[in-house]
Participant: 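Take this structure, written in structure tokens, and hold onto it; I'll ask about it next.
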Amino acid sequence: QVQLVESGGGLVQAGGSLRLSCAASGRTFTAMGWFRQAPGKEREFVAAISWSRWSGGSTYYADSMKGRFSISRDNAKNTVYLQMNSLKPEDTAVYYCAAQRPTPLHTNVILTAAYDYWGQGTQVTVSS
């Protein structure tokens with residue numbers, strides 16, 4: 001059974017930092033990503049890391065997160081991290097981890113459709 005378990009969310013003041021974790025189990029994956037959804041808004045891409053044969057270990061970021069967020073992977077723990085620095089109130093959202101199973105196709109990992117499995121989400125609240 002595939003499981004994606006997120007942790008690390010919470011309440012932080014503007015300018016602060018949080019590190020989200022997503023522990024994956026149950027099968028192999030070739031990409032994992034983070035998305036977020038604020039109340040009344042659509043789910044949006046945050047960051048992704050891909051180790052498929054197409055990408056060779058690349059990372060991807062939404063423009064508004066570049067320079068502030070960093071995604072990384074611990075192969076031994078099958079865990080992906082999202083380090084979030086210089087947080088802003090507009091970063092407040094539920095953050096979701098997603099994972100992509102191996103595929104022969106070249107997929108666009110910034111799209112929700114590229115992912116097969118999703119975590120339950122973790123709330124991040126940034127106070128002003």
Side-chain angles (χ1 to χ4, degrees):
Q1 182 180 0
V2 173
Q3 281 193 312
L4 301 177
V5 180
E6 300 121 329
S7 61
L11 173 64
V12 64
Q13 289 189 330
S17 298
L18 283 175
R19 189 177 81 154
L20 305 183
S21 301
C22 177
S25 62
R27 68 160 302 143
T28 58
F29 305 102
T30 50
M32 293 182 70
W34 288 94
F35 290 75
R36 69 185 186 186
Q37 188 164 18
K41 294 187 176 182
E42 292 187 353
R43 190 167 298 190
E44 65 171 347
F45 171 72
V46 175
I49 184 166
S50 176
W51 53 96
S52 72
R53 62 175 179 168
W54 302 104
S55 65
S58 298
T59 56
Y60 308 83
Y61 297 93
D63 287 343
S64 62
M65 287 69 164
K66 286 180 181 177
R68 298 192 300 127
F69 291 9
S70 177
I71 189 169
S72 62
R73 175 176 170 240
D74 184 329
N75 294 351
K77 296 182 179 180
N78 216 18
T79 298
V80 170
Y81 303 96
L82 182 68
Q83 178 67 42
M84 305 187 294
N85 300 324
S86 302
L87 283 162
K88 306 174 183 179
E90 50 264 44
D91 293 318
T92 295
V94 177
Y95 283 69
Y96 295 93
C97 173
Q100 179 191 74
R101 61 190 175 199
T103 171
L105 305 176
H106 179 36
T107 61
N108 188 344
V109 295
I110 73 170
L111 302 178
T112 58
Y115 298 92
D116 304 288
Y117 305 98
W118 292 83
Q120 79 287 356
T122 184
Q123 176 70 46
V124 171
T125 303
V126 184
S127 63
S128 56

Participant: Residues in side-chain hydrogen bond (donor to acceptor under 3.5 Å, both in side chains) with R43, at least two apart?
Facilitator: Q37

Participant: List the residues meeting side-chain contact (heavy atoms from CB on, under 4.5 Å) with V124, not counting sequence neighbours, and say none if there are none.
Facilitator: L18, L20, M84, Y95, V126

Participant: Output yes when a side-chain donor or acceptor of N78 lies under 3.5 Å from a complementary backbone atom of A24, and no otherwise.
Facilitator: yes

Participant: Residues two or more places apart in sequence or in another chain: which of them pass side-chain contact (heavy atoms from CB on, under 4.5 Å) with N108?
Facilitator: I110, L111

Participant: Go through the steps to decide whether V80 and I49 satisfy the test side chain to side chain contact (heavy atoms under 4.5 Å, CB included), and finish with yes or no.
Facilitator: CA-CA 8 Å; V80 170; I49 184 166; 4.3 Å; yes

Participant: Determine which pairs satisfy disulfide (SG to SG under 2.5 Å) with at least one residue from residues 98-128, sequence neighbours left out, and list them in order.
Facilitator: none

Participant: Determine, stepwise, if the pair N85 / S17 fulfils side chain to side chain donor-acceptor pair (under 3.5 Å).
Facilitator: CA-CA 4 Å; N85 300 324; S17 298; 2.9 Å; yes

Participant: Mind checking what makes side-chain hydrogen bond (donor to acceptor under 3.5 Å, both in side chains) contact with R68, not counting sequence neighbours?
Facilitator: D91

Participant: Can you give each donor-acceptor pair under 3.5 Å made by side-chain atoms of residues 2-15, sequence neighbours left out, with the distance rounded to 0.1 Å?
Facilitator:
from, atom 1, to, atom 2, distance (Å)
E6, OE1, Q120, N, 2.9
E6, OE1, Q120, NE2, 3.3
E6, OE1, G121, N, 2.7
E6, OE2, C97, N, 2.6
E6, OE2, G121, N, 3.3

Participant: For K66, check salt bridge (charged side-chain N to carboxylate O under 4.0 Å, His left out) against everything at least two apart and list the hits.
Facilitator: D63

Participant: Name all pairs fulfilling the disulfide (SG to SG under 2.5 Å) condition that reach into residues 98-128, sequence neighbours left out, sorted by first residue then second.
Facilitator: none

Participant: Kindly write out the residues that satisfy side-chain contact (heavy atoms from CB on, under 4.5 Å) with S70, not counting sequence neighbours, or none if the list is empty.
Facilitator: Y61, Q83

Participant: Quick one: does T79's side chain have a donor or acceptor within less than 3.5 Å of a partner on K77's backbone?
Facilitator: yes

Participant: What is the distance from atom CG of N75 to atom CH2 of W51, rounded to the nearest 0.5 Å?
Facilitator: 7.5 Å

Participant: For the pair T107 (side chain) and V109 (backbone), establish whether a donor and an acceptor sit closer than 3.5 Å, ignoring hydrogens and angles.
Facilitator: no

Participant: Please report the shortest heavy-atom distance between A47 and L82, naming the atom on each side.
Facilitator: CB-CD1, 4.0 Å

Participant: What are the two closest heavy atoms between Q100 and A114, and how far apart are they?
Facilitator: NE2-O, 3.0 Å

Participant: Only counting residues at least two apart or in another chain, list the ones meeting side-chain contact (heavy atoms from CB on, under 4.5 Å) with E44.
Facilitator: R36, M65

Participant: Show your working on side chain to side chain donor-acceptor pair (under 3.5 Å) between Q123 and T125 and close with a plain yes or no.
Facilitator: CA-CA 6 Å; Q123 176 70 46; T125 303; 3.3 Å; yes

Participant: Hey, could you give me each pair passing ring-ring contact (aromatic ring centres under 6.0 Å, His included) that has a residue in residues 65-92? Not counting sequence neighbours.
Facilitator: none

Participant: Just verifying a value: how many Å separate K88 NZ and S128 OG, rounded to the nearest 0.5 Å?
Facilitator: 14.0 Å

Participant: Can you pull out every ring-ring contact (aromatic ring centres under 6.0 Å, His included) where at least one residue sits in residues 13-40? Sequence neighbours excluded, please.
Facilitator: F29-Y117, F35-F45, F35-Y115, F35-W118

Participant: Does any non-hydrogen side-chain atom of R73 lie less than 4.5 Å from one of M32?
Facilitator: no

